[in-house]
Amino acid sequence: MGSAHRSGGVKRSNDSTRLILTTIMGMVFGYFIGISCPSVSLSKINLPSNLLSSFDVSIYDRADHRKYMMRSFPENLGSGNTPITPKIYVPTNPRGAESLPPGIVVSESDFYLRRLWGQPSEDLTSKPKYLVTFTVGYGQRHNIDACVRKFSEDFQILLFHYDGRTNEWDQFKWSRLAIHVSIKKQTKWWYAKRFLHPDVVAAYEYIFIWDEDLGVEHFDGDKYIELVKKHGLEISQPGLEPNNGLTWQMTKRRGDVEVHKDTEEKPGWCSDPHLPPCAAFVEIMAPVFSREAWRCVWHMIQNDLVHGWGLDFALRRCVDPAHEKIGVVDSQWIVHQVIPTLGEQGESGRRDKAPWEGVRDRCKSEWAQFQDRLVSADKSYLAQNGIGRL
C-alpha cells in the first residue's frame, strides 16, 4: 500500500512538470511568431461578415479619432513638447482679436441657414442679397403673408415676434425658410439694436426695417431695389397713400414721378429746404437702408430709447449730401393701415388710460430725450475739439 501511494505521487509530479514545460514552450513560440508577424490583416481571416464589419468600424473609428485629435491640436505638429503657435499681435484686427492671424479672423456674419451635414461649401444653393425684417404679432399674420409675397428669393425674411408666438407661422411655406426671433413686448428698434449689428448684416446690400401694418398691393420688392439704385438712395421708403396714416408731406406719394427727394411743408416748418422735414427725411415705419448707411444709423440708436422717435430727423447725419441720398420711392407705394397692435402690449399705469396711451406717452418722452442727447453730444464734441458753434 505504501509503495503504491509513492508511485502515484511521482506520476502526478511528472504530469505537472510536463504541463509547465508545455506552457512555457507555447509562450516562447507565440512570442517569436508575434515579433516575426507584427500585423495581421483582418480581411484575410475568414470571419462572419457581421463580426468583421463591427471590427472594421471600431478600427476606423479609432483611426479617425486619432487623426481628429491631431488636427484639433495644431501644437502637435511641432517637435517634442515645444509648441509652434507663434506670438501674434495685429493692431488692425477687430478689437479683441489682435492675437489672431488675420487669415482666421471672421468679423462679419449673415443669416444664411446652413445644414448640419455635408460639406459647408455645398450648403448654399443661393445667397439672398437683401434683408427684410418685420416686427410682428400673430394677429397680423395674413397681412405679413401678403407682404412677404412681394419679395423674391433675393430677399431674406426675418421676423421679430413681440408676442412669443412662432410655431404657428409654419402654416406659411415661406416661414420655414425665414429667421424667427422671439422676445415678448419689445419694439423693432430694440430688436434692431441687438440683432442687426452692422457686422451681422454685412452680407446684405439693403436692409428693410418695417412695421407689420403696411398694405403692399402696389409694391414690388425687386422693382423697388431697381429704383433705389437708379436714383442713388442710401436711405429711403416707399411713398405713402395720401389718404391713409399720413403725417408728413415728404412721405406723401406723388403720382407723376418715380422718386422725390424734397417737398414743401407748412410755413415755418423748414428753416432750410435741404433739411427735415422738407428734405433728407423718411419716417421710421418703413425705412430701407443701404449697408453703408445702416452701419452709421445702428450706432445712433439708443439702447434705452426703444421706439425710435426722433431718429428720422437725425438720419441725415449718416449720408452726405443727405438731400440727394435720402428720398421717397413714389412708383412703389404702400398704405399705412395704422393698426396699433404693439400698443396693446403696453401699460398706461393709470386706470383711466388705455394701454396704447401709455405707449404713446413714452414715445413722446423718448423723442424729447433723443433730441436732448443729440444736442448735448454736438456741444461736447465742439467743446473738446475747440470748435466754435456752427
**Request:** In sequence, state the C-alpha distance, the side-chain angles, and the governing distance for E212 and Y162, and then conclude on side-chain hydrogen bond (donor to acceptor under 3.5 Å, both in side chains).
**Result:** CA-CA 11 Å; E212 63 180 337; Y162 61 74; 2.6 Å; yes

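- Rounded to the nearest 0.5 angstrom, Y204 OH and L158 CG are separated by 8.5 Å.
- The line from CG of D154 to CG of D222 is 6.0 Å long, rounded to the nearest 0.5 Å.
- Distance check: S126 OG to E153 CD gives 6.0 Å after rounding to the nearest 0.5 Å.
- Ion pair E366/R362 flagged as a salt bridge, since at least one NZ, NE, NH1 or NH2 atom sits closer than 4.0 Å to an Asp/Glu carboxylate oxygen.
- A280 and P276 make their closest contact through O-CG, 3.6 Å (heavy atoms, listed as atom of the first residue, atom of the second, distance).
- Counted by atom type alone, S331 and E258 present zero donor-acceptor pairs between their side chains at under 3.5 Å.
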**Message:** What verdict does the side chain to side chain contact (heavy atoms under 4.5 Å, CB included) test give for V259 and L233, after you've listed the backbone C-alpha separation in whole Å, the side-chain angles of each residue and the deciding distance to 0.1 Å?
**Reply:** CA-CA 10 Å; V259 166; L233 298 180; 3.9 Å; yes

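- Side-chain atoms of Q171 and S175 include no donor-acceptor pair closer than 3.5 Å.
- Taking the charged nitrogens against the carboxylate oxygens, K229 and E205 do have a contact shorter than 4.0 Å, which makes a salt bridge.
- Judged purely by distance below 3.5 Å, without hydrogens or angles, the side chains of D199 and S107 never pair a donor atom with an acceptor atom.
- A chain of hydrophobic side-chain contacts below 4.5 Å, direct or via other Ile, Leu, Val, Met, Phe, Trp or Tyr residues, connects V200 to F195.
- Here K261 contributes atom NZ and M250 contributes atom CE; the two are 9.5 Å apart, rounded to the nearest 0.5 Å.
- Members clustered with V257: none, using a 4.5 Å side-chain heavy-atom cutoff among hydrophobic residues.
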**Message:** side chain to side chain contact (heavy atoms under 4.5 Å, CB included) for I157 and I179? Distances and angles first, verdict last.
**Reply:** CA-CA 6 Å; I157 304 300; I179 307 299; over 6 Å; no

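- Put simply, the side chain of I183 reaches to within 4.5 Å of the side chain of W190, judged on heavy atoms.
- Cation-pi geometry between K193 and W298 is met: the NZ or CZ atom falls under 6.0 Å from the ring centre, inside 45° of the normal.
- Side-chain contact check for R141 versus Y138: some heavy-atom pair is nearer than 4.5 Å.
- Here the two rings, on F219 and F151, have centers that are under 6.0 Å apart.
- Looking at D262 and F281, their side chains never come closer than 4.5 Å, going by heavy atoms from C-beta outward.
- The aromatic rings of W174 and F172 lie parallel to each other, their planes meeting at an angle below 30°, with 60° marking the opposite boundary.
- E292 CD: more than 12 foreign heavy atoms inside a 6.0 Å radius.
- Atom CG of N143 sits about 7.5 Å away from atom CG of D213, to the nearest 0.5 Å.
- For K127, there are no salt bridge (charged side-chain N to carboxylate O under 4.0 Å, His left out) partners two or more places apart in sequence or in a different chain.
- A centroid separation of 6.0 Å or more is found between the aromatic rings of W367 and H307.
- Under a 4.0 Å N-O distance rule, the pair D220/K150 does not qualify as a salt bridge.
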**side-chain hydrogen bond (donor to acceptor under 3.5 Å, both in side chains) between E283 and T251, intermediate numbers included** = CA-CA 7 Å; E283 296 189 61; T251 56; 2.7 Å; yes

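- Between D110 and Q156 there is no side-chain heavy-atom pair separated by less than 4.5 Å.
- In this structure, a donor-acceptor pair under 3.5 Å is absent between the side chains of T133 and Y191.
- Once rounded to the nearest 0.5 Å, the distance linking CZ of F289 with CG of L196 reads 10.5 Å.
- Within 6.0 Å of CZ on R114 lie more than 12 heavy atoms contributed by other residues, nucleotides or ligands.
- When atom types are taken as modelled, the side chain of K188 and the backbone of I209 share a donor-acceptor pair closer than 3.5 angstrom.
- Judged as a ring pair (Phe, Tyr, Trp, His ring centres under 6.0 Å), and not counting sequence neighbours, the contacts of H218 are W333.
- Both I207 and I301 sit in one connected hydrophobic cluster of ILVMFWY residues. Membership requires side-chain heavy atoms under 4.5 Å apart, directly or through other members.
- Residues W248 and W269 bring their aromatic ring centres within 6.0 Å.
- In terms of hydrophobic clustering, with Ile, Leu, Val, Met, Phe, Trp and Tyr side chains grouped at heavy-atom distances under 4.5 Å, F160 and I284 are assigned to a common cluster.
- Clustering ILVMFWY residues whenever any of their side-chain heavy atoms sit less than 4.5 angstrom apart, transitively, puts L177 in a cluster other than the one holding W169.
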**Request:** Please report the C-alpha distance between Q337 and L214 in whole Å, then the side-chain angles of each, then the deciding distance to 0.1 Å, and finally whether the side chain to side chain contact (heavy atoms under 4.5 Å, CB included) criterion is met.
**Result:** CA-CA 6 Å; Q337 299 170 342; L214 304 176; over 6 Å; no

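- A donor-acceptor contact shorter than 3.5 Å is absent between the side chain of S365 and the backbone of D361.
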**Item:** Worked verdict on H336 versus E241 for side-chain hydrogen bond (donor to acceptor under 3.5 Å, both in side chains)
**Value:** CA-CA 7 Å; H336 187 202; E241 163 59 43; over 6 Å; no

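- In this structure, L124 and L113 have side chains that are not in contact, with every pair of non-hydrogen atoms separated by 4.5 Å or more.
- Through side-chain heavy atoms spaced under 4.5 Å, either directly or across other Ile, Leu, Val, Met, Phe, Trp or Tyr residues, L100 is tied to I104, V105.
- Salt bridge R115/D123: present, at least one basic N to carboxylate O contact under 4.0 Å.
- Between V297 and L315 the shortest side-chain heavy-atom distance falls below 4.5 Å.
- Looking at E234 and Y206, their side chains never bring a donor and an acceptor atom within 3.5 Å of each other.
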Can you give each donor-acceptor pair under 3.5 Å made by side-chain atoms of residues 318-329, sequence neighbours left out, with the distance rounded to 0.1 Å?
{"residue": "K325", "atom": "NZ", "partner": "D320", "partner atom": "O", "Å": "3.2"}

**Asked** Given I144 and L159, is the side chain to side chain contact (heavy atoms under 4.5 Å, CB included) satisfied, shown in steps?
**Response** CA-CA 10 Å; I144 293 299; L159 300 186; 4.2 Å; yes

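- Side-chain contact check for V306 versus W189: every heavy-atom pair is 4.5 Å or farther apart.
- Legend: residues meeting ring pair (Phe, Tyr, Trp, His ring centres under 6.0 Å) with Y130, ordered by chain and number and at least two apart, are F155.
- The closest side-chain heavy-atom distance from M285 to W210 is not below 4.5 Å.
- At least one donor-acceptor pair under 3.5 Å links the side chain of D330 to the backbone N or O of R254.
- Crowding of R360 atom CZ: a count of heavy atoms from other residues, nucleotides or ligands under 6.0 Å not exceeding 12.
- Here the closest heavy-atom approach between residue A286 and residue Q237 is recorded as O-CB, 3.4 Å.
- A salt bridge links R165 with E168; the closest basic N to acidic carboxylate O contact falls under 4.0 Å.
- A salt bridge links D304 with R373: the closest approach of a Lys/Arg side-chain nitrogen to an acidic carboxylate oxygen falls below 4.0 angstrom.
- A donor-acceptor pair under 3.5 Å links the side-chain atoms of Q302 to the main chain of M300, judged by distance alone.
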